[in-house]
Amino acid sequence: MRMPERLDRKFFARGAIELAAELIGRRLVRVLPRGDRLSGVIVETEAYVGVQDRASHAYGGRCTPRNRSMYGPPGTAYVYFTYGMHHCMNVVCGKEGEPAAVLIRAAKPIEGLGHMQVLRGRGTIEPTELCSGPGKLCQAMQIDRTLDGIDLVNSSELFLEIEGEGPISAIGITRGPRIGLGDVGSWAKRRLRWYVSDSPYVSGGSRKRSPFRGGRNRG
DNA sequence: ATTTAGATCCTCT
DNA sequence: GAGGATCTAAATG
């Protein structure tokens with residue numbers, strides 16, 4: 001029985017646009033302090049391409065205590081706190097010193113669903129709702145700022161594996177504009193979000209409305 | 001189905 | 001002192 005292969009430094013050492021597409025279908029793994037393993041297949045990402053990106057925390061080359069991780073080597077985790085209650089997790093990419101990252105927005109839970117339910121903690125939650133948004137995903141996988149700046153290539157508490165559900169063909173992935181941005185001019189319109197077409201595990205803003213029964217998408 | 005308001009606190013100006 | 005890479009519950013058509 002072989003260990004699943006992890007994504008290495010070289011995998012992360014490229015532009016955010018390329019990486020955002022490549023992370024779809026990979027497995028995000030979180031090992032809790034007590035050893036419990038939680039994981040999910042990434043189904044939605046957003047690219048924050050660099051200092052020229054007005055929606056990026058590193059726009060204009062800003063470097064602050066908060067976004068310092070974005071300037072680290074590719075494969076660094078950038079975890080920040082927002083809206084007074086939520087965390088968001090990014091994978092830093094490109095060259096060290098040049099801030100670019102991919103926001104992990106949603107995942108299909110694979111391991112530790114029971115534990116995720118407890119961590120999300122609002123009664124019974126559908127599997128499709130456990131990690132269907134950046135804040136939800138971090139809550140379900142207990143990702144917070146203590147993990148900011150860690151190295152996803154070598155960490156034993158948070159990392160990425162090659163195997164998810166196998167390669168997803170380009171035709172199975174939809175591109176669209178990013179979500180929740182402020183006044184960022186033309187950057188708001190650029191299609192820098194990727195998600196698995198028709199997946200019920202993506203965030204609300206990406207969900208395709210069903211022509212039938214007005215119901216939710218399945219499986 | 002869609003809209004709304006409120007929660008809530010860290011970060012930067 | 002303002003606002004944010006969000007989420008939920010409640011209200012409304």
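As a basis for the values below, the full set of heavy atoms in this structure was taken, side chains included, without hydrogen atoms, waters or symmetry mates. Convention: sequence-line order gives letters A, B, ...; per-chain numbering from 1.
Rounding to the nearest 0.5 angstrom, the gap separating the OH atom in A/Y59 from the CZ atom in A/R54 is 5.5 Å.
Every residue two or more places apart in sequence or in another chain that forms a salt bridge (charged side-chain N to carboxylate O under 4.0 Å, His left out) with A/D53 is listed here: A/R178. Residues satisfying the salt bridge (charged side-chain N to carboxylate O under 4.0 Å, His left out) test with A/R37, not counting sequence neighbours, are A/E111, A/E161.
Of the candidate nucleotides C/dC7, C/dG4, C/dT8, C/dC7 has the atom nearest to the side chain of A/H86. Nearest to the side-chain atoms of A/R145 among the listed nucleotides C/dA5, C/dT6, B/dC10 stands B/dC10. Minimum atom distance to the side chain of A/H57 is reached by C/dA5, of the listed C/dC7, C/dT6, C/dA5. Considering only the side chain of A/Y83, C/dT6 comes nearest among B/dA7, C/dT6, B/dC10. Checking B/dT11, B/dC9, C/dT6 against the side-chain heavy atoms of A/R66 singles out B/dT11 as nearest. Each of C/dA5, C/dT6, C/dT8 was ranked by its minimum atom distance to the side chain of A/L103; first place goes to C/dA5.
At most 12 heavy atoms of other shown residues, nucleotides or ligands fall within 6.0 angstrom of atom CZ in A/R68.
Remark: the A/S132 side chain and the A/S203 side chain contain no N/O donor-acceptor pair separated by less than 3.5 Å. There is no side-chain donor-acceptor pair under 3.5 Å between A/H57 and A/Y48.
Put simply, CG on A/D183 is 13 Å from P on C/dA5, counting in whole angstrom units. Rounded to an integer number of Å, the gap from A/K136 NZ to B/dA7 P is 20 Å. Rounded to whole Å, the distance from OH on A/Y195 to C1' on C/dA5 is 17 Å. Look at NE2 on A/H87: it is 19 Å from P on B/dA7, rounded to the nearest Å. Computed from coordinates, the A/R62 CZ to C/dA5 C1' distance equals 13 Å when rounded to whole Å. When rounded to the nearest whole Å, the span between CZ of A/R54 and P of C/dA5 equals 13 Å. One interatomic measurement links the two molecules: CE of A/M85 to P of B/dA5, which rounds to 17 Å at whole-angstrom precision.
A cation-pi contact links A/R14 to A/F11, judged by a cut-off of 6.0 Å to the six-membered ring centre and 45° from its axis.
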Seminar exercise, completed: Per-residue pairing states of DNA chain C in dot-bracket (Watson-Crick or G-U under 3.5 Å; . unpaired, | other strand) read ||||.|||||||.

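With hydrogens and angles left out, the side chain of A/Y80 and the base of C/dA5 share a donor-acceptor pair within 3.5 Å.
A/V29 and A/I104 are members of different hydrophobic clusters when ILVMFWY side chains are connected at heavy-atom separations under 4.5 Å.
Residue A/L181 is in sugar-phosphate contact alone, with no base atom involved, counting any heavy-atom pair closer than 4.0 Å across all strands shown. Using a 4.0 Å heavy-atom criterion, one finds that A/G135 contacts the sugar-phosphate atoms exclusively.
Proximity of A/R193 to the phosphate of C/dA5: no side-chain N or O atom is located under 4.0 Å from OP1 or OP2. Within the structure, a side-chain polar atom (N or O) of A/R105 is placed less than 4.0 Å from OP1 or OP2 of C/dT6.
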